[in-house]
Amino acid sequence: MTHERTTLIGAGVPRPDAVDKVRGEAKYIDDLAFPGMLHGWVVRSPHPHAKILSVDSESALANPDVACVVTHPDVPGDNVVHVIYDDQPALARDIVRYVGEPVALVAATTRKAAKAAAEGMIVRYEELPVVSDPVEALRPESPVIVSLEEAAEGGGNLFNEMVLHKGDTDRGFAEADVIIEGEYETGYQEHAYIETQGGIAVPEENGGLAIYGSMQCPFYVQRAVSRVLGLPMSKIRVIQTTTGGAFGGKEDVPSQICSLAALMAWKTRRPVKLVLDRGEDMLTTSKRHPSRVRYRTGAKTDGAITAIDVDIILNSGAYQTLSSAVLWRSICTAAGPYCIPHVKVNAKSVATNTVPNGAFRGFGSPQVIFPHEAQMDLLAEKLGIDRAEIRRRNVLKPGDRSSTEQLLENSVGIAESLDLATEMIGWQDRLEAVAEFNAEHDEVSRGLGIACVLYGVGLGGKAPFLDKAGATMKLEADGSVAAAVGTVEMGQGLTTALLQIAAEELGISIERIQLAPVDTSRVPDSGPTVASRGTMMSGLALLDAARKLRERVEDVAQAQGITTSEIRARWDEIASAFWLNNVDPAVEGWAKTEPVSWDPETGLGDVYPVYAYATHIAEVEVDQTTGETDVIDFVAVHDSGRILNRTLATGQVQGGVAQGIGFALMEDIPQRDGFLIVNGLTTYRLPTIRDVVLDMGVDFIEAEFPAGPFGAKGIGEVPLMAAHAAVAGAVSHAIGRGATRYPLDPETVAGLLKPA
Ligand code: MTE
Ligand code: MOS
């Protein structure tokens with residue numbers, strides 16, 4: 001099938017959702033209202049671990065503005081927030097396990113009244129011993145936090161334990177000329193989406209519920225609400241509303257928020273809105289898992305890595321939510337984009353009396369990327385090899401096998417990204433310039449850092465049943481096209497990229513295609529919008545639909561005596577012929593990934609359908625007195641296969657780099673005995689426009705992925721993954737000491753600057 005090609009793929013097509021968002025006209029969840037709508041508020045545990053003695057709702061119910069109070073016996077279905085395991089109750093039964101755990105719900109005519117009534121409710125607790133440190137939680141004498149059998153795979157507070165064994169690490173270390181070791185630590189990172197979590201549950205005439213909400217995974221929410229209400233999934237319709245950022249934070253948490261709104265709507269038979277305050281959102285919803293990671297790396301004198309041995313501990317918080325998926329990505333990413341013959345990884349996720357952690361752009365990968373890149377720098381120093389050069393000697397090439405023994409046949413652009421990034425910054429000259437600068441300055445010192453990453457796109461071998469996507473498409477009588485997909489726009493530019501794909505395949509202009517809001521009743525379960533899979537998977541599903549529609553269009557055109565080359569010009573005439581001749585104008589598209597595999601015993605397999613790669617280089621200037629770090633130059637080169645929209649892909653890179661700078665240099669929430677020490681955004685330092693490099697260099701290596709839509713892979717999460725490690729490497733270079741702990745805030749860096 002040949003037809004006229006437009007030039008949409010790669011073009012910087014403007015986003016159709018941009019104007020409304022910039023003008024403040026887009027309708028986010030808190031802008032929406034339904035007739036008779038109530039407002040919900042959550043009564044939350046003030047203790048990290050306690051027994052609930054009594055819940056007194058009398059005072060709340062005496063308030064005429066209050067429509068209902070909901071506690072656990074009111075839950076009509078299963079009292080769970082279904083994510084992967086069913087350990088987390090929707091409303092606490094007898095025990096609370098983290099500060100902020102929902103205990104009861106109040107719905108009232110106004111938000112203010114709901115809040116006041118909730119605050120007036122008297123809940124009596126008996127405090128229990130608290131375990132907030134994951135290493136301590138693993139000790140046999142520690143109190144067991146989650147007693148439900150299904151919660152902990154490993155027994156005690158060990159939620160999950162995963163291993164990866166490739167080759168023979170004993171042999172690998174015996175063959176090494178040098179061996180280095182290090183221990184690394186990272187803390188919480190807050191998603192800091194512009195829009196806080198929220199949902200509205202609306203009873204429908206069929207006895208079911210419609211759920212509107214800010215979210216990444218409408219199909220997760222559909223299942224969770226159906227479980228908690230005990231209703232068939234077909235009676236739950238989930239509609240994603242304009243979502244003001246997510247970054248992984250709206251993968252699992254909306255299942256909880258929308259379940260709570262649904263419980264109040266179910267009890268009152270009225271629409272109920274539940275939107276979190278910023279401070280409440282930051283204290284009570286998932287964050288990036290704090291980590292403790294130990295690395296041992298062996299290499300030959302020429303820099304060739306012979307073996308790594310890695311231990312990973314992630315602090316999961318009180319319930320499992322997505323911890324097993326997050327941990328899995330840690331083991332699959334632990335070897336980085338390097339060809340290493342002998343690899344051993346042991347990874348544990350551990351229950352503590354802290355807020356349950358979940359997905360955050362990159363899942364468990366930055367927790368291992370910081371260490372593996374720090375180890376590369378240490379090796380380079382020890383062997384007297386340039387830091388870019390030692391990476392060049394080890395990076396994966398087409399035909400190599402990854403750390404899970406996956407054969408990487410094609411679309412492996414890491415070496416090219418490394419070459420281009422070093423060329424863009426002028427690596428050798430810049431190193432000399434930095435040395436010269438440092439020789440002339442005492443008050444500040446500069447440093448250069450480089451980081452290479454690999455990132456598996458999609459859910460992969462841990463959850464292959466989620467790697468699918470559906471799309472619908474219909475040709476309207478006037479020639480316009482209505483389409484729908486099941487993955488969501490959350491700011492990353494998915495809608496625009498998908499419209500480009502559909503328009504390109506149909507051979508019509510983008511303006512003629514409309515994507516409907518994502519609604520679970522409209523398209524088949526398309527999995528979650530996570531793991532940088534959205535564009536690739538929904539792109540493939542839309543492409544499938546567009547091909548089918550295009551075939552029908554060609555048949556109708558032929559019947560009308562219209563030649564293939566005339567289709568574009570006479571499109572409206574053909575659409576009208578569909579309508580007049582009762583030709584079915586609707587098609588469905590479907591996509592699933594190639595078989596993936598994973599053997600939990602060894603950790604080996606073809607774990608992801610494909611990998612994206614990147615090389616970032618950062619230059620920093622560190623104040624020798626205050627320890628303050630400025631990022632003064634930045635270069636980012638990505639291989640995400642064919643780039644569908646250069647402007648938006650560049651935006652993803654710039655945003656990810658900002659988030660990476662934040663993770664490496666400033667973002668932090670101290671935790672003491674189960675209490676997070678943070679007062680909303682007042683005490684959480686986020687990077688701003690002053691912390692980023694406005695003219696950073698961004699470029700792409702387009703190592704096309706034949707099975708992707710027009711050769712595309714995924715890009716969404718990758719920029720953050722490489723950025724923090726490049727910044728950390730640059731700080732280490734500037735201060736002449738290897739950093740081992742995030743954030744590298746002024747206090748930490750000043751401490752490292754003191755003579756040992
Ligand atoms: N970009 C913006 N602006 N807002 C977001 O919430 N989320 C990130 C990334 N980029 C996010 C973003 C995360 S965590 C993922 S998984 C991907 O986008 C998902 O989108 P994609 O699959 O279409 O790349
Ligand atoms: Mo992104 S953490 O996979 O939602």
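Hydrogens, waters and symmetry mates play no part in the numbers below; they use all other heavy atoms, side chains included. One-based numbering, in listed order, for ligands and for the atoms of each.
Of all the heavy atoms of Thr535, the ones lying under 4.0 Å from any atom of ligand 1 are found in both the backbone and the side chain. Proximity of Ala531 to ligand 1, defined as any heavy-atom pair under 4.0 Å, is confined to the backbone N, CA, C and O atoms. Contact annotation: for Arg533 versus ligand 1, heavy atoms closer than 4.0 Å belong to the backbone alone.
In this structure, Arg278 forms no cation-pi arrangement with Tyr684, as its terminal cationic atom is not both closer than 6.0 Å to the ring centre and no more than 45° off the ring axis. The cationic group of Arg288 lies under 6.0 Å from the six-membered ring centre of Phe663 and within 45° of the ring axis, placing it in a cation-pi geometry. With Tyr193 as the aromatic partner, Lys250 meets the cation-pi criteria of under 6.0 angstrom to the ring centre and within 45 degrees of the ring axis.
Looking only at heavy atoms of the protein, atom 4 (N) of ligand 1 is closest to Met490 O, 3.2 Å. If you check which protein heavy atom lies closest to atom 8 (C) of ligand 1, you get Arg361 NE, 3.9 Å. Atom 15 (C) of ligand 1 has its closest protein heavy atom at Glu717 CG, 3.7 Å. In this structure, the protein non-hydrogen atom closest to atom 10 (N) of ligand 1 is Gln652 OE1, 2.8 Å. At the top of the distance list for atom 20 (O) of ligand 1, counting protein heavy atoms only, stands Gln492 NE2, 3.1 Å.
Contact between Gly245 and ligand 1 is present, with at least one heavy atom of the residue lying under 4.0 Å from the ligand. The closest approach between Val530 and ligand 1 falls below 4.0 Å for a heavy atom of the residue.
Below 3.5 Å of separation, one finds an N or O of Phe247 facing an N or O of ligand 1. Residue contacts with ligand 1: Gly534 is placed with a nitrogen or oxygen under 3.5 Å of a nitrogen or oxygen of the ligand (distance criterion only). Not a single N or O atom of Leu494, backbone or side chain, sits closer than 3.5 Å to an N or O atom of ligand 1.
Less than 4.0 angstrom separates some heavy atom of Val530 from each of these atoms of ligand 2: 3 (O), 4 (O). For ligand 2, the atoms sitting less than 4.0 Å from at least one non-hydrogen atom of Gln216 are 4 (O), numbered in the order shown with element in parentheses. In summary, the atoms of ligand 2 found under 4.0 Å from a heavy atom of Gly248, numbered by their order in the structure, are 2 (S), 4 (O). Residue contact check: Phe360 has heavy atoms under 4.0 Å from atoms 2 (S) of ligand 2. Atoms of ligand 2 found under 4.0 Å from any heavy atom of Arg361, numbered from 1 in the order shown, are 2 (S). Those atoms of ligand 1 that come under 4.0 Å of a heavy atom in Gly716, given as number and element, are 9 (C), 10 (N), 17 (C), 18 (O), 24 (O). The ligand atoms of ligand 1 that sit less than 4.0 angstrom from a heavy atom of Ala246 are 5 (C), 6 (O). Close contacts between ligand 2 and Ala531 involve ligand atoms 1 (Mo), 3 (O) [criterion: under 4.0 Å to a heavy atom]. The distance from ligand 2 to the heavy atoms of Glu717 drops below 4.0 Å at these ligand atoms: 1 (Mo), 2 (S), 3 (O). Using a 4.0 Å cut-off to heavy atoms of Ser532, the atoms of ligand 1 that qualify are 16 (S), 22 (O), 24 (O).
Listed by first then second residue, pairs satisfying side chain to side chain donor-acceptor pair (under 3.5 Å) with a partner in residues 22-31 read Asp30-Lys273, not counting sequence neighbours.
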